[in-house]
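When a residue number appears, it is its place in the shown sequence, counting from 1.
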Amino acid sequence: KIYQSLDPGLILDLPLQNNFTDYSASGISMVAGNANGLPSFVSDGSGGYALDFNGTKSIKTAVNLPINTSDKVSIVFDILTTLPTIQCVLELSPIASTNNAFASFVSDQRPNRLELADKTPANTTFNLGNSNADVNTGSWVKVCLQIDRSLGTAQNKIYLNKVLSYTQDPAFIKDNNGNFGSYPLFIGGRNGTAFLMNAKFKNLKIYNYIISQSQY
C-alpha cells in the first residue's frame with residue numbers, strides 16, 4: 001500500500017480489511033459516527049473482510065476530508081445490500097444541503113437504485129440522479145461515482161460494475177462551479193444518525209480528480 005501515498009489525489013483509501021486504516025497519504029483516522037459505536041467486520045464471502053453496517057452504526061472521518069481545493073471527485077466502493085429502505089451510503093458534511101457537499105443514497109427517490117447528489121451555493125436545489133440499474137441485488141456491486149463541476153454538462157456519473165449507469169442530463173444541471181467544502185465525511189448514515197445503512201461495505205477510495213476505468 002505504500003505506493004498509494006505517491007498519488008496526492010488519492011485522499012482517502014479504506015480497504016476495510018479488518019481495520020479502519022486509511023492507506024492514503026492523508027492518514028485520516030476513522031471514528032464512530034454515533035453513540036452506538038463502530039460497526040463490526042465480517043467475512044466478505046471471498047476470503048476477505050467487509051464492514052457490516054447493521055442499521056444502527058456508522059463511521060466518520062475524525063477530521064475534515066481534504067477535498068476543498070478541488071471541484072472534482074471520484075468515489076469508489078463495493079456494497080452488498082438487499083433492503084429497499086432509504087439508506088445513506090456516504091455524505092460530505094452532516095447534511096448534503098450544506099453548500100459544496102455531496103452524498104449518495106440507496107432507494108431515496110427510486111427504489112433499489114443508487115443516488116448521487118451534489119450541492120453548490122448558487123442554488124437551493126441539487127444536481128441529483130439515480131442509477132439505471134438496481135444495487136439491492138444481494139451480490140457485491142462495485143460502484144464508481146464521479147462529479148466534475150468544471151464540465152457544465154454530463155458532470156455527474158454513476159458506474160455499476162464498470163458499466164455506465166447514469167449521466168446527468170444537461171437540462172438538470174443546477175450549478176456547475178465551486179470547489180467542495182471542508183467537512184467531515186460520514187459513512188453509513190446522514191450525520192451518522194439518520195437513514196442508517198444496512199449493508200456490507202468495503203474498498204472505499206476517494207480521489208480529488210476524475211479517475212480512469214483502470215483505477216477501479
Side-chain angles (χ1 to χ4, degrees), residues 1-2 4-5 10-68 73-96 98 101-108 114-117 135-136 138-145 180-208 216:
K1 289 287 183 178
I2 295 174
Q4 292 182 339
S5 66
L10 177 60
I11 56 175
L12 190 68
D13 182 5
L14 295 176
L16 299 173
Q17 293 301 294
N18 215 24
N19 63 62
F20 292 95
T21 303
D22 169 24
Y23 289 96
S24 77
S26 305
I28 296 175
S29 298
M30 305 302 298
V31 297
N34 62 41
N36 294 329
L38 293 165
S40 300
F41 290 96
V42 296
S43 170
D44 66 359
S46 61
Y49 293 91
L51 201 55
D52 186 19
F53 290 93
N54 63 0
T56 65
K57 300 179 180 181
S58 62
I59 61 175
K60 66 179 180 179
T61 56
V63 297
N64 293 340
L65 191 71
I67 195 177
N68 55 304
V73 66
S74 298
I75 305 162
V76 178
F77 57 85
D78 296 343
I79 189 169
L80 188 157
T81 183
T82 58
L83 294 182
T85 54
I86 300 175
Q87 305 178 60
C88 178
V89 180
L90 51 82
E91 189 160 28
L92 182 69
S93 90
I95 186 167
T98 305
F102 60 75
S104 180
F105 287 78
V106 174
S107 296
D108 183 16
L114 186 72
E115 178 182 280
L116 173 61
V135 292
N136 284 337
S139 299
W140 282 105
V141 177
K142 182 171 288 294
V143 175
C144 179
L145 309 174
F180 291 104
S182 183
Y183 307 111
L185 179 76
F186 290 83
I187 305 170
R190 165 167 282 182
N191 198 21
T193 58
F195 304 114
L196 290 167
M197 185 162 65
N198 201 318
K200 294 181 176 63
F201 184 88
K202 63 180 181 178
N203 296 333
L204 174 66
K205 292 184 179 181
I206 299 182
Y207 302 80
N208 65 3
Y216 63 92

Which value, rounded to the nearest 0.5 Å, describes the distance between Ile11 atom CD1 and Leu65 atom CG? 4.0 Å
What closest approach, in Å, do Asn136 and Leu83 show between heavy atoms, and which atom pair accounts for it? ND2-O, 2.8 Å
Partner of Phe201 under ring pair (Phe, Tyr, Trp, His ring centres under 6.0 Å), chosen from Tyr49, Phe41, Phe77: Phe77
Compare all side-chain heavy atoms of Leu196 with those of Asn34 and state whether any distance is below 4.5 angstrom. yes
Exactly one of Ile79, Leu51, Leu14, Asp78 should register a side chain to side chain contact (heavy atoms under 4.5 Å, CB included) with Lys202. Which one does? Asp78
Using atom types as modelled and distance alone, determine if a side-chain donor or acceptor of Glu91 lies under 3.5 Å from a backbone N or O of Ala103. no
Between Asn19 and Thr21, which heavy-atom pair has the shortest distance, and what is it? OD1-N, 3.0 Å
In this structure, CG of Leu38 is separated from CZ of Phe20 (nearest 0.5 Å) by 4.5 Å
Examine distances only and state if a side-chain atom of Trp140 and a backbone atom of Asp44 form a donor-acceptor pair shorter than 3.5 Å. yes
Counting distance only, does the side-chain N/O of Asn36 pair as donor-acceptor with the main-chain N or O of Thr56 below 3.5 Å? yes
Go through the structure and list residues passing salt bridge (Lys or Arg N to Asp or Glu O under 4.0 Å) with Asp22, not counting sequence neighbours. none
Rounded to the nearest 0.5 Å, the CD1 atom of Ile28 sits from the NZ atom of Lys60 at a distance of 13.5 Å
Closest non-hydrogen atom pair, Ser104 against Glu115: OG-O, 2.9 Å
Does the side chain of Asn64 come under 3.5 Å of the side chain of Ser182 through a donor N or O and an acceptor N or O? yes
Atom of Gln17, atom of Asn203 and distance for their closest heavy-atom approach: NE2-OD1, 4.3 Å
Under 3.5 Å, side chain of Ser58 to main-chain N/O of Gly192, donor-acceptor pair present? yes
Is Ser26 reaching over with its side chain to a backbone N or O of Leu12, donor-acceptor style, under 3.5 angstrom? no
Checking the side chain of Thr61 only, and the main-chain atoms of Val63 only, is there a donor and an acceptor separated by less than 3.5 Å? yes
At their closest point, which heavy atom of Ala32 faces which heavy atom of Gly37, and how far apart are they? CB-C, 3.7 Å
When rounded to the nearest 0.5 angstrom, what is the spacing between NZ in Lys57 and CD1 in Ile187? 16.0 Å
Would Val141 and Leu114 satisfy side-chain contact (heavy atoms from CB on, under 4.5 Å), going step by step from the backbone distance to the final call? CA-CA 11 Å; Val141 177; Leu114 186 72; over 6 Å; no
Just jot down the side chain to side chain contact (heavy atoms under 4.5 Å, CB included) partners of Tyr183, sequence neighbours excluded, or say none. Leu92, Ser93, Thr98
Ignoring hydrogens, what is the shortest heavy-atom contact between Lys200 and Asp52? Give both atom names and the distance. CG-OD1, 4.0 Å
Rounding to 0.5 Å, atoms OH (Tyr207) and CD1 (Ile67) come to a distance of 13.0 Å
Atom CD1 of Ile75 and atom CG of Leu204: how far apart are they, to the nearest 0.5 Å? 8.0 Å
Does any N or O in the side chain of Asp108 come within less than 3.5 Å of the main-chain N or O of Ile86, such that one atom is a donor and the other an acceptor? no
